[in-house]
Amino acid sequence: MRGNFATQFKNVFMKDFKIQSEQFADIRILRYRVPGFETLSIEKKILLYYLYEAALSGRDMIYDQNYKHNLLIRHTLENIINTFRGSRRNEYWEKFLVYVKKVWFSNGIHHHYSMDKFVPDIPIGYFFEMILFSDKKKFKHEGQDIERFMEKVTKLIFDERTAVKRVVLDEGKDLIAESANNFYEGITQEETENYYKNIAIDDENEPPSYGLNSKLVKESGEIKEKVWKIGGMYSEAIERVVYWLEKATSVAETENQKKALLKLIEFYKTGDLKTFDEYSILWLQDLHSEIDVVNGFIEVYGDALGRKATYESVVSIRDEEASRRAAAVSNNAQWFEDHSPTDKKYKKENVKGVSARGINVVVESGDCSPSTPIGINLPNADWIRAKHGSKSVTINNIMIAYDEASKESGAIEEFAWSDEEIRLSKTWGVLASNLHVDLHEIVGHGSGKQAPGVGNPGDILKNYASTIEEARADIFALYFAIDEKLIELGLMPSLEVGYAEYNSYIRGGMMTQLVRVEPGKDIEESHMRNRQLIAKWAYEKGKPENVIEKKTRDGLTFFVVNDHEKLREIFGELLREIQRIKSEGDYEAAKSMVENYGVKVDREIHKEVLERWKKLNIAPFSGFINPKLIPIIIGESIEDIKIEYPDNFMDQMLEYGEKYSTLPFPNL
Ligand SMILES: [Zn+2]
């Protein structure tokens with residue numbers, strides 16, 4: 001599971017290091033630094049380098065997973081840029097570049113957040129002419145008529161009626177047939193559900209995550225799983241990933257780490273999900289390595305049924321300071337569980353091995369890039385979490401980059417009611433959001449247990465499962481945000497930190513996060529649904545006592561927390577109910593809560609937020625350029641690894657496209 005950042009910011013400088021590289025459409029491109037890289041031993045640097053190459057070698061898979069024709073489209077676009085770059089400079093060309101950058105940012109032709117297909121804002125004729133005169137040798141269209149090929153690619157890009165949405169989550173629609181992603185083909189939701197219902201689980205206690213690493217297709221009336229493995233689907237990309245992982249095993253830091261990497265390689269070779277679970281446990285138990293890596297088919301947000309996992313990799317170095325903070329939360333996991341307001345029967349008696357650390361990422365790839373999470377809690381398999389615990393990380397250098405970029409944005413001043421609220425936010429905002437992520441990831445997701453006989457929440461709560469799970473972790477973190485215990489543990493100096501968190505959460509959930517939603521649309525993404533759900537539910541519930549007040553000044557709207565202690569009580573009530581919903585698998589209650597509080601957008605507020613935000617000129621979404629690792633090779637051996645911080649998004653994307661194109665395209 002992932003933590004995403006709610007807040008948005010603007011261009012700022014950090015010493016000589018420029019954080020923001022550029023801004024286009026609704027996106028700004030930032031950079032992050034890797035503290036501590038230079039002082040690592042050469043062995044660790046080489047290990048990082050191999051894992052870095054492994055991460056990027058799998059990059060093509062996310063494009064193909066997001067939509068069947070994404071790779072072909074990306075290749076066509078990159079070919080056009082490589083042909084005409086430097087020689088064209090006009091309005092259409094600039095608009096074309098914005099389109100291509102959006103494709104890179106989203107790993108495909110659908111908006112990474114709204115999931116809607118976007119199209120270039122240029123005449124089709126202009127585009128067609130560019131394909132016509134671009135370097136044809138580079139089109140991988142072997143055996144196809146070039147004119148027909150061009151027409152088809154153009155149609156894929158410009159036709160707004162095909163592949164409308166990457167992930168459809170609307171109640172009443174066929175979530176599988178209508179989603180444009182490439183996890184299923186020629187098959188309906190009902191057929192999919194039946195298929196997985198009928199798989200005999202050989203071990204009820206340790207059920208593999210069936211369907212995690214495959215595409216489900218219907219061929220001549222028969223349903224088949226195409227497994228992502230060497231010798232199966234995505235073989236070319238996975239072979240390259242494995243090549244670098246094998247090198248990494250030769251310089252592994254610890255025996256545990258080596259064992260885990262070897263298991264991951266075995267999984268990529270066999271596609272066996274039991275092997276993946278074994279790998280996950282080994283990865284979980286590798287606690288002492290300074291270098292760590294997430295690599296694999298991990299998160300299921302891209303599949304409406306929450307079964308198919310997208311490729312991602314996060315390569316990192318432990319951050320000592322952030323790790324100390326995380327450990328303080330983790331070591332008290334049982335205390336938090338015991339003191340949470342949930343029903344006793346849904347509490348864990350023994351919260352197991354919640355391992356937590358702060359990390360600095362060195363490279364991110366697949367579904368974690370260019371848009372990145374700021375916290376990760378894995379593995380996702382519920383039985384592993386229950387039996388072995390989970391490993392939770394907060395990504396320190398990404399959070400620092402966001403913070404640096406935020407300092408002068410003006411957003412807090414715009415949406416906060418009072419000087420006191422601004423002061424709290426400026427003084428404690430960073431610590432408050434760091435602690436929120438720690439609590440969400442380290443104790444939030446790991447808390448609670450299922451009622452006897454209630455199975456996998458994903459299967460029962462279906463399209464509401466992600467929202468309910470994220471809400472549960474968030475509300476858990478909020479409940480404890482103003483607990484004296486955090487002061488006692490040395491995590492914060494005063495309750496003001498928690499007050500700052502409450503204020504910003506309500507501002508975000510009621511107002512500012514709406515900048516990410518297009519006018520007239522409702523909320524789709526599960527983290528956003530959960531934030532509005534919590535804020536709105538608390539607002540409604542607190543109305544009789546005016547706990548959160550809607551105020552206006554000069555025609556502008558503000559949501560102001562009047563009583564933080566009362567708000568905490570309300571959060572406690574909500575936490576209790578959400579835990580009950582998950583534990584009992586109460587689909588109807590989940591549906592009603594999400595639909596009533598999380599989905600629908602207040603049109604008036606939305607319009608106002610968009611207008612106020614526009615004035616600030618801050619793009620609502622952020623992505624990152626990765627650092628570049630360069631091996632210094634003398635003779636046969638690597639003498640050193642140099643780290644560089646490129647500042648041009650397009651250059652990096654073109655370089656990746658050139659160097660890490662690992663997959664052939666499906667025929668048109
Ligand atoms: Zn989460």
Side-chain angles (χ1 to χ4, degrees), residues 1-7 112-113 167 169 280 284 294 298-303 306 309-310 312 314 326 329-330 333 336-337 340 342 351 354-359 364 367-368 371-382 384-386 389-396 398-399 402 432-448 456-458 461 463-481 501 504-505 508-509 513 516 523-535 571 574-575 578-579 581-582 590 593-594 598:
M1 274 160 265
R2 268 189 209 153
N4 288 344
F5 217 32
T7 343
H112 79 296
Y113 227 72
V167 187
L169 291 172
S280 298
L284 186 62
V294 172
I298 308 290
E299 300 287 0
V300 293
Y301 300 112
D303 174 9
T310 44
E312 71 179 44
V314 175
V329 173
S330 171
F336 288 110
E337 183 76 353
S340 103
T342 54
V351 182
V354 193
S355 134
R357 47 157 69 180
I359 60 170
E364 297 180 299
D367 212 9
C368 286
S371 171
T372 167
I374 50 167
I376 304 175
N377 185 323
L378 293 173
N380 281 330
D382 272 330
I384 300 180
R385 298 170 78 86
S390 64
K391 188 150 85 179
S392 178
V393 300
T394 49
I395 307 178
N396 189 54
I398 295 287
M399 291 179 80
Y402 274 124
S433 59
N434 283 3
L435 278 173
H436 179 81
V437 174
D438 281 346
L439 289 166
H440 173 115
E441 297 291 345
I442 299 166
V443 283
H445 279 306
S447 71
N456 177 14
L461 302 181
N463 45 322
Y464 300 112
S466 289
T467 302
I468 289 294
E469 180 56 22
E470 291 312 320
R472 201 177 66 88
D474 254 5
I475 195 84
F476 194 96
L478 288 168
Y479 180 75
F480 288 107
E501 177 61 25
S504 84
Y505 200 93
Q513 71 162 353
R516 296 175 167 208
I523 300 178
E524 305 271 351
E525 202 271 339
S526 41
H527 290 85
M528 282 183 66
R529 282 184 169 185
N530 108 57
R531 282 186 214 112
Q532 179 172 296
L533 184 163
I534 290 172
F571 284 157
L574 181 57
L575 172 54
I578 286 184
Q579 183 60 56
I581 290 173
K582 183 187 176 185
M593 189 170 273
V594 176

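Order of listing sets the numbers, starting from 1, for every ligand and every atom in it.
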Next on the checklist: From the N, O or S atoms in Glu470, identify the one nearest to the Zn ion (ligand 1).
Outcome noted: OE1

Checklist entry - Using 30° and 60° as the class limits, which term best fits the ring planes of Tyr505 and His436: parallel, tilted or perpendicular? => result tilted

Checklist entry - How far does OG1 of Thr467 sit from CG of Asn463, to the nearest 0.5 angstrom? => result 8.5 Å

Checklist entry - From the Zn ion (ligand 1) out to just under 2.8 Å, does an N/O/S atom of His527 turn up? => result no

Item to check | His527 vs Asn530 side-chain heavy atoms within contact, under 4.5 Å | outcome: yes

Checklist outcome for this item: Among the N/O/S atoms of His440, the Zn ion (ligand 1) lies closest to NE2

Checklist entry - side chain to side chain contact (heavy atoms under 4.5 Å, CB included) with Leu439: which of Phe476, Phe336, Tyr479? => result Phe336

